[in-house]
A.B. asks: 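Before I ask anything, here is the structure I am working with.
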Amino acid sequence: MTAFTPAMTAFTPAPDRFLWGAATAAHQVEGGNVNTGHWELEYAPGTTVPEPSGDACDSYHRFPEDIGLLAEAGLNAYRFSVEWARIEPEEGVVSRAQLDHYRRMIDTCRDRGIDPVVTLHHFTFPRWWEHDGGWYSDRSTDRFRRFTEICTSVLDDVDRVITINEPNMMVNQTEARIDTENGVNFPGPSPYVARAIAAAHHASTEVLREFGGVRSGWSVANQVFQAVPGWEAQRDEWQYWREDFFLEQARGDDFIGVQSYLRTIIGPTDDADGFGPQPWPEGTERTLTGWEYYPEALGHALRHTRDVTGGVPMMVTENGIATADDRRRIQYTTGALSAMAEAMADGCDVRGYLHWSLLDNYEWGSFHPTFGLIAVDRDTFARTPKPSLAWLGGLAQRNVIPRA
Ligand code: FCB
């Protein structure tokens, strides 16, 4: 396999023991994740979810191959999530067999010289949780604390644990109402739910501290809110419950995961609030998710996170692009890494870069937006590494960050 190398001028050495890797999430790759509320929604009569997850990438069975490809490319870290709905299929019922499954994943990583970065919660919940109040249940903190305790039984020799992925996206999803005429309506984040999620994170962190030996934090969707000139105050108001509240919660953590894809520009709108996200200007390059092509976002995300958390060590736990053109993926990632190098030169303490995603996977409703460094055949599950995998692995091997 030959790697496509875009024009670039220089490389900066990355710090020693920098983590270079890729990320996935259980529901998006495992397949057959039938006990989650998401699966229930996907297969509900009249569902508005365009495509169900089905067998996804069958990584539940093929994880040794996935970890092997990542290791052979030269990467040194794999971020994946454990699935609560498998581990605690009914409230209080613990599946030893499923815990063993995740322990085998951790062992496979270690056998291949890969650092496992384990996410405890990545968007999906067991059906029983969804049916019994979700974040509105007054037992939500205790439930997540107990789940964390259960997970510690397989976390020996795991160095980094992410408690909750993108709590600031989940707070929107919790409030989303599916309207058959207008699609999904996000009325805005609920401070009540935001506080409930934060309480669960702090309880989980306490358990992990007591367990010892792991560094923990959560990973926040950094949306790079920029203001139309003169709309800075409204931008700040808009971003508080959508991002900054969640960054503030990380102030006492061992690290924070930074997840960056694009920016959102806040300015005047015609709706009741009078301000909000602006439409993309005519001619903006859009990716397969419809997002603006804006690799510089990562640099802004790191600086903003540093400023709000007061300097908690950061790790890029997601960054990538949905595209069918792998050269564009390499160009995007070069731009993002270059912005990361500038932020690091500017004092940002960044400990690793985990690309989203290792595999073309189930993007919460559709397989169409392909984020993977590896293509997956939808019928046979055959894995085909893309040139971007070897390219990223090459940077890892040399431990250098490209400067565009
Ligand atoms: C993030 C999610 C991840 C994936 C990427 C594209 O918001 O954490 O699961 O969907 O976006």
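Indexing begins at 1, ligand by ligand and atom by atom, following the structure's order. Everything quoted here is computed from the prediction, not taken from an experiment.
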A.B. asks: For the pair N319 (side chain) and H355 (backbone), establish whether a donor and an acceptor sit closer than 3.5 Å, ignoring hydrogens and angles.
C.D. replies: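 Side chain of N319 to backbone of H355: no pair is present.
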
A.B. asks: Side-chain donor-acceptor pair under 3.5 Å between S59 and D66, yes or no?
C.D. replies: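 Distance-only check passes for S59 and D66.
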
A.B. asks: Students should be able to answer this: which protein heavy-atom is nearest to atom 5 (C) of ligand 1, and at what distance?
C.D. replies: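 I find the closest protein heavy atom is Y261 OH, 3.3 Å.
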
A.B. asks: Does ligand 1 have an atom that lies less than 4.0 angstrom from a heavy atom of Q28?
C.D. replies: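 A heavy atom of Q28 does come that close to ligand 1.
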
A.B. asks: Examine distances only and state if a side-chain atom of Q223 and a backbone atom of R242 form a donor-acceptor pair shorter than 3.5 Å.
C.D. replies: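 Yes.
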
A.B. asks: How would you list, by chain and number, every residue that makes a ring pair (Phe, Tyr, Trp, His ring centres under 6.0 Å) with Y240, sequence neighbours excluded?
C.D. replies: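 Not a single residue meets the ring pair (Phe, Tyr, Trp, His ring centres under 6.0 Å) criterion with Y240.
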
A.B. asks: If I apply the N/O under 3.5 Å rule, does W291 come out as touching ligand 1?
C.D. replies: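 N/O-N/O distance under 3.5 Å: no.
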
A.B. asks: Heavy-atom distance to atom 7 (O) of ligand 1: which of M170, E166, H27, H122 wins?
C.D. replies: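 Residue with the shortest heavy-atom distance to the ligand atom: E166.
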
A.B. asks: Check whether any side-chain heavy atom of I374 lies under 4.5 Å from a side-chain heavy atom of R383, and answer yes or no.
C.D. replies: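 Contact flag for I374/R383 side chains = yes.
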
A.B. asks: Is there at least one pair of N or O atoms, one from E318 and one from ligand 1, spaced under 3.5 Å apart?
C.D. replies: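 Yes.
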
A.B. asks: Do me a favour and list the nearest non-hydrogen protein atom to atom 10 (O) of ligand 1 with residue, atom name and distance?
C.D. replies: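 Nearest protein contact, heavy atoms only, for atom 10 (O) of ligand 1 is E363 OE2, 2.8 Å.
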
A.B. asks: May I ask you to list the atoms of ligand 1 that are less than 4.0 angstrom from any heavy atom of N165?
C.D. replies: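 Contacts of ligand 1 toward N165, numbered from 1: 8 (O).
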
A.B. asks: Got a sec, which residues hit ring pair (Phe, Tyr, Trp, His ring centres under 6.0 Å) with F211, two or more places apart in sequence or on another chain?
C.D. replies: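 For F211 there are no ring pair (Phe, Tyr, Trp, His ring centres under 6.0 Å) partners, ignoring immediate neighbours.
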
A.B. asks: Tell me the contacting part of T289 for ligand 1: side chain, backbone, both, or neither, using a 4.0 Å heavy-atom threshold, strictly below.
C.D. replies: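 It is neither part, as no heavy atom is under 4.0 Å.
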
